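Report on the structure given below.
Quantities reported herein were computed from a predicted structural model and do not represent experimental measurements. Naming: A, B, ... by sequence-line order, numbering from 1 per chain.
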Number of protein chains: 2
Amino acid sequence: MPRTPESIFKTLVNRNARVTAPRREIIDCISKVPRTFTAEDVCAQLPHIGRATVYRTLKILQDANIICKVVLPNDEMAYSVSADLDQESGVSRVPAHHHHAVCTVCTAVRYFNAEAIERVIHALSGSVQGVMGEIIDHRIEVYDICPRCVVQNPEPA
Amino acid sequence: MPRTPESIFKTLVNRNARVTAPRREIIDCISKVPRTFTAEDVCAQLPHIGRATVYRTLKILQDANIICKVVLPNDEMAYSVSADLDQESGVSRVPAHHHHAVCTVCTAVRYFNAEAIERVIHALSGSVQGVMGEIIDHRIEVYDICPRCVVQNPEPA
DNA sequence: GTTGCTGCAAATCCTTTGCAAGGTT
DNA sequence: AACCTTGCAAAGGATTTGCAGCAAC
């Protein structure tokens, strides 16, 4: 289930945003690789597009849940393309609530949701000796070496 | 187990950093309340101390694990005092690996560690259909209404 | 006395905004 | 035609750095 630029364009149209040449380029650029990226990364790769346009477009994509922010191991934030989009409707298939697995080698981001985690988190309300109040939400980032990188960088025997 | 400025000073000494008047003031300032804060917050409260000194001091405190960064619900980052310090040794009692509960009302941060969560996270390696690789680390923030704020802001019946 | 710290100002980096010109529907 | 978007340049905010003077140990 690839994240295709076409399906992202559809989402834009659904949201009454115009599909312009700069937006096409930006979306192509960030769809090409599954890595995390920053606004500056995009500016560097598309130097002929104005910075303001890049920042504005990324904000739109974030509002549309096409990209979202992830926290990296070094405490910095970056974007990742969050949407495995439905080809028909152009609507994101990623549930509103999800978590990130970020590869510490290539920064590839994968999305997951684990019932077991949700259950344990909500069980904290009572357990942790009075420090935990009424739980509203939570955020989880898992840092791993993704299957592809594990193969390419085997542990030294 | 309060976070006392004195114990933080000890930690500084342990790390061969000098205990100066500006550092005392900054540490007093951030120890006073259990809320999250930014460098600018400290600058605003201690306007007679140079910005550079504030930024440099916070960096030192972060390196010493006296403060650490937390991710807020709005995707912004802020510092919180992470150390319940041992009065004798001046060494942080907070284990290297811990998680944050951030109150969405007052931003008070509490620290916790739950075996159950650790177990579930590590169990993900195999479970999530091939997307998860070798798990290295993880980060969890729980957003809640802390016990104190729950009392002060009861749910409308 | 040695070494590290402070404060200022300048520099840097990242992001947002105003506005006139041009593009999309 | 109406409205949105772009790009530039300027503004703004946050953080870092150079450096001379001062302070802690």
Next item on the list: Return the value, rounded to whole Å, for the distance between atom OH of B:Y79 and atom P of D:dT15.
Entry: 7 Å
Notebook entry, point to check: If you check the A:E40 side chain, which of C:dT6, C:dT15, D:dA9 turns out closest?
Noted result: C:dT15
Item checked: Donor-acceptor contact below 3.5 Å, side chain B:T53 vs main chain B:I49 -> no
Check: Are the side chain of A:T36 and the backbone N or O of A:A78 linked by a donor-acceptor pair below 3.5 Å?
Finding: no
Item checked: Distance below 4.0 Å between A:K59 side-chain N/O and C:dT15 OP1 or OP2 -> no
Next item on the list: For the residue pair B:T38 and B:D41, confirm or rule out a side-chain donor-acceptor distance under 3.5 Å.
Entry: yes
Next item on the list: Answer yes or no: does a side-chain N or O of A:T53 lie under 4.0 Å from OP1 or OP2 of D:dT5?
Entry: no
Margin query: When you measure only distances, ignoring hydrogens and angles, does the side chain of A:R18 come within 3.5 Å of the base of D:dC3 through a donor and an acceptor?
Written below: yes
Check: Under 6.0 Å from the six-membered ring centre of A:Y143 and within 45° of its axis: does the NZ or CZ of B:R139 meet both?
Finding: no
Check: From the list C:dT6, D:dT15, D:dC25, which nucleotide is the closest neighbour of the side chain of B:V19?
Finding: D:dC25
Checklist line | Residue mapping more 5' on DNA chain D - nearest nucleotide basis, B:R56 or A:R51 | finding: A:R51
Check: Roughly, in whole Å, what's the span from CG in A:N14 to P in C:dT25?
Finding: 14 Å
Check: The side chain of B:Y55 lies closest to which of these nucleotides: C:dT6, D:dT16, C:dC14?
Finding: D:dT16
Next item on the list: Give a yes/no answer on whether the side chain of A:T20 brings an N or O atom under 4.0 Å of OP1 or OP2 in D:dT5.
Entry: no
Margin query: What is the separation between atom CG on A:N16 and atom C1' on C:dT25, rounded to the nearest whole Å?
Written below: 11 Å
Check: NA contact type, B:A21, heavy-atom cut-off 4.0 Å: base, sugar-phosphate, or nothing?
Finding: nothing
Next item on the list: Take the protein atom CG of B:L58 and the nucleotide atom P of C:dT6, then report the distance between them rounded to whole Å.
Entry: 12 Å
Notebook entry, point to check: For A:A52 and B:A52, take the nucleotide of DNA chain D holding the closest heavy atom to each; which residue's nucleotide lies nearer the 5' end?
Noted result: A:A52
Check: Aromatic rings A:H138 and A:H97: how do their planes relate, parallel, tilted or perpendicular, breaks at 30° and 60°?
Finding: perpendicular
Margin query: I need the CD1-C1' distance between A:I26 and D:dT5, as an integer number of Å.
Written below: 11 Å
Next item on the list: Starting from C1' on C:dC5, measure out to CZ on B:R23 and report it in whole angstrom.
Entry: 6 Å
Check: Once you round it to whole Å, what is the distance between C1' of C:dT16 and CD1 of A:I60?
Finding: 14 Å
Item checked: Atom pair distance, as rounded to whole Å: CD1 in A:I49 and P in D:dC8 -> 11 Å
